A.B. asks: 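Can you read through this structure? Questions will come right after.
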Amino acid sequence: NAMICHTDMTKLIEDISQKKSFHELKTHYSQPDLETAISELIQKKFIVDKNFLETNKPYADFQNKKTENGSLVNKLRLNVSLACNMKCTYCYVDEKNLRHSDALMTWDTAKKAIDEFFALLRLHHHKFCIIRFFGGEPLLNWPVIKRSLDHIHIKKQDISVHFILNTNGTIWSKKMATILSTNKVGIAISLDGIEKEHDRFRPFKTGKPSYKIIARHIENFLNTGCILGIETTIGNHNIFGLQNLIDQIALWNTTYKTCIPLSFQHLTIVDKTDLDTIPVNKKIKQLIALIEYARQKNVKADTGMAHFSINALKGQRNKGRYCRAMGGELCVYPNGDIYPCGALKIKLG
């Protein structure tokens, strides 16, 4: 239900949320414009009848006390490493303004975060949670990840845990992969295409290309029985060359008798100047074509942070939510600071 509007409309929504009467609103807005605006807001369900039951969780109005007491929290993101061995053009980490950009989380910090997280889960009777290892490149801090996995299995007891690891795919060892496979850790590997598209924006810090190494490691992970997914960031560099990546994923699926999902992500966090200048209509048309091509190749493709707009194009009401920074996730940095997610710098504690 996205809506492009004048700033007067956002002011109107604010006024309505403060329970101003129609008579009060008329003193600030002309009546014809006001009636038209309110009609559109009702149609888009930005404002609803007080008896309307909001079933769409991304837009549900949670009670403040639920956010304050942590009863919504069932996701923990351990940002175990601010260090990285790559230099991606569109990385949202601004090293000029980030102190200790090479920092690794200590085991003491990780253990405290895990202990506090499970105490919170039990306080609010949660039976399921998601724990994500994040960075930087988290596998640069493998010892802490390994100890965390062991400790979580002790702490979880009757709580079901789903693990996710975000990685650039450049680091691999058989021992590491075996442990990840045994713990059923879902590995999300960033890959922006095959050689030409990927290497243009995702080189090592030395400037050397990374695609061939990542492709080899993907096959190594698959050989070890790991659960994999591919995440692709859409931009000028790759949007018209991604059929080749879909073909490669289809080949991996056939060769290893697996199902690797592909998720298209938008450049939503960084300045997109010169990185993502494709007109929106062309981008939408190409995304739809890629999703259809993936379907033909039996590759499961979704749109990650773009799924709200894609669902709207398909005439579907949005279901579920992508962003975890809505009271449901805690992201712990190496120094112990807590944020709502890995990219949103709002310090919570």
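For clarity, every value in this text was computed on a predicted model and none was experimentally measured.
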A.B. asks: Thinking salt bridges, do Glu292 and Arg295 make one under a 4.0 Å N-O criterion?
C.D. replies: yes

A.B. asks: Does the distance from a Lys or Arg side-chain N to an Asp or Glu carboxylate O, for Lys212 and Asp199, drop under 4.0 Å?
C.D. replies: no

A.B. asks: Can you establish whether the number of heavy atoms outside Lys283 located under 6.0 Å from its atom NZ is more than 12?
C.D. replies: yes

A.B. asks: Do you see a donor-acceptor pair shorter than 3.5 Å between the side chains of Glu137 and Thr167?
C.D. replies: yes

A.B. asks: Flag the pair Ser190 / Arg202 as yes when at least one side-chain heavy-atom distance between them is below 4.5 Å, and no otherwise.
C.D. replies: yes

A.B. asks: If you measure from the Lys or Arg side-chain nitrogens to the Asp or Glu carboxylate oxygens, is any gap between Lys112 and Asp108 under 4.0 Å?
C.D. replies: no

A.B. asks: Looking only at atom types and distance, does a side-chain atom of Thr255 sit under 3.5 Å from a main-chain N or O of Trp252, one as donor and one as acceptor?
C.D. replies: no

A.B. asks: If you measure only the distance, is there a donor-acceptor pair under 3.5 Å linking the side chains of Ser30 and Asp33?
C.D. replies: yes

A.B. asks: Has the side chain of Gln286 got a donor or acceptor atom that lies under 3.5 Å from a matching backbone atom of Ile239?
C.D. replies: yes

A.B. asks: What orientation do Phe201 and Tyr90 show, parallel under 30°, tilted 30 to 60°, or perpendicular over 60°?
C.D. replies: tilted

A.B. asks: So, Asn238 side chain and Ile234 main chain: donor-acceptor pair closer than 3.5 Å or not?
C.D. replies: no

A.B. asks: With a 3.5 Å cut-off and no angle check, do the side chains of Tyr29 and Asp15 form a donor-acceptor pair?
C.D. replies: yes

A.B. asks: For the side chain of Lys205 and the backbone of Cys84, is there at least one donor-acceptor N/O pair under 3.5 Å apart?
C.D. replies: yes

A.B. asks: Could you check whether any side-chain heavy atom of Phe133 comes within less than 4.5 Å of a side-chain heavy atom of Asn141, counting everything from C-beta outward?
C.D. replies: no

A.B. asks: Using only atom types and a distance under 3.5 Å, with no angle test, would you say the side chain of Thr258 pairs donor to acceptor with the backbone of Ile260?
C.D. replies: no

A.B. asks: Quick check: does any side chain N or O of His124 sit under 3.5 Å from a backbone N or O of Asn69, one acting as donor and the other as acceptor?
C.D. replies: yes

A.B. asks: Are the side chain of Thr224 and the backbone of Cys226 linked by a donor-acceptor contact shorter than 3.5 Å?
C.D. replies: no

